[in-house]
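So the structure is just underneath, and the comments pick up after that.
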Amino acid sequence: MRHLITPLDFSVGELDRLFDLADDMREHQERYAHLCDGKKLASLFYEPSTRTRLSIETAMLNLGGRTMGFSDAGSSSAAKGESVADTIRTVSCFADIAAIRHPKEGAATVAAQFSRIPVINAGDGGHQHPTQTLTDLLTIRNLKNRLSSLTIGLCGDLKFGRTVHSLVNALARYQDIRFVFISPPELRMPDYITEFLDDRGIHYEEYIRLEEVIGKLDLLYMTRVQRERFFNEEDYVRLRNFYILDAEKMSLAKNDMFVLHPLPRVNEISVEVDNDPRAAYFRQVQFGVYVRMALIATLLELV
Ligand code: NCD
């Protein structure tokens, strides 16, 4: 039985097949409308979510399956002190596949250890967010027609942002990838990620000012400052508006530099950028549904 806990759980070849399937599902959605007839997805969300939960549930519905779950830990037995291990053992009696989002790093790994059904990590604390990464890679593949030979800037909260950790892990396996990390010194990429890159001899640079480097990027991945993972509100308030991507900064970028963002956006992208043809973050949301359809079908071994 397979799970998706980190993006490295799938080889590059397996990811290629997953993205081909997602593209086919996008073009011929009707062909897959009954693939999951009779199957059930449980979504176990111990943390807030709009896109990830609704996207995973939409994916299951598009495939003809059904969904159940909770979107608030307070309404689950977690509020009574139940462990993730016991919850997933229970859910294994009800559903065919589960997606879990949890504030603790490693929660999805624990769930997978005790599960009798495939587990999808829908975000574990500040650690990893592999389905967002699948979304990001499918989006990049469609926008740029490649996942290699790219200079990608990751900007914002690189310390607590799980989406950037997963994306760097995943992209590092492709040829000729150059990472540009743009963050305030307090929110730098964690050592375990830079050591991962150092071990593999993968190029990265670190900057504080976005203006200084935006002109050489093929892609800019913006992120929100992760308020809920800060130890004190003062630091958050000081750092929350450190980066605001606006039309002026976009004028320094290449004509084919797409802007991605896992969303939700707070202030880090001015709404004036939304109408720029290079703003791709809402297209990214749409790709997320197709890639999660492909993921569910793959983990349930229906393709
Ligand atoms: C991200 C997350 O939850 O990590 N959102 C998402 O799933 N698309 C990013 C964020 O919350 O900043």
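Indexing begins at 1, ligand by ligand and atom by atom, following the structure's order. Start at 1 with the first residue, then count along the sequence.
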(message) List the residues meeting side chain to side chain contact (heavy atoms under 4.5 Å, CB included) with Thr133, not counting sequence neighbours, and say none if there are none.
(response)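 Residues passing side chain to side chain contact (heavy atoms under 4.5 Å, CB included) with Thr133: Pro7, Leu137, Ser166, Leu167, Ala170.
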
(request) Determine whether Phe258 and Leu134 fall in the same hydrophobic cluster, where Ile, Leu, Val, Met, Phe, Trp and Tyr are linked whenever their side-chain heavy atoms lie under 4.5 Å apart. (result)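 Same cluster: Phe258 reaches Leu134 through Ile, Leu, Val, Met, Phe, Trp or Tyr contacts under 4.5 Å.
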
How far is [atom] from its nearest protein heavy atom, and which residue and atom name does that atom have?
atom                    : answer
atom 9 (C) of ligand 1  : Leu263 O, 3.6 Å
atom 8 (N) of ligand 1  : Pro262 O, 2.9 Å
atom 4 (O) of ligand 1  : Arg162 NE, 2.7 Å
atom 11 (O) of ligand 1 : Arg224 NH2, 2.8 Å

(request) Please answer whether the main-chain N or O of Met250 pairs with a side-chain N or O of Arg278 as donor and acceptor at a distance below 3.5 Å. (result)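 Such a contact is found between Arg278 side chain and Met250 backbone.
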
(message) Has His3 got a side-chain atom pairing as donor or acceptor with Val119's backbone, closer than 3.5 angstrom?
(response)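 Yes, because the side chain of His3 sits within donor-acceptor range (under 3.5 Å) of the backbone of Val119.
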
(message) Can you check which of His129, His127, Glu228 brings a heavy atom nearest to atom 7 (O) of ligand 1?
(response)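 Of the listed residues, His129 has the closest heavy atom.
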
(request) Give a yes/no on ligand 1: does Pro264 have at least one heavy atom closer than 4.0 angstrom to it? (result)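 Yes, Pro264 has heavy atoms under 4.0 Å from ligand 1.
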
(request) Answer side chain, backbone, both or neither: which part of Glu47 comes under 4.0 Å from ligand 1, heavy atoms only. (result)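 The answer is neither.
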
(request) If the plane angle is over 60° it's perpendicular, under 30° parallel, otherwise tilted; pick one for Phe160 and Phe230. (result)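 Tilted.
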
(request) Give every residue pair that meets the ring pair (Phe, Tyr, Trp, His ring centres under 6.0 Å) criterion with at least one member in residues 5-54, sequence neighbours excluded. (result)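 Those involving residues 5-54 are Tyr46-Phe70, Tyr46-His102.
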
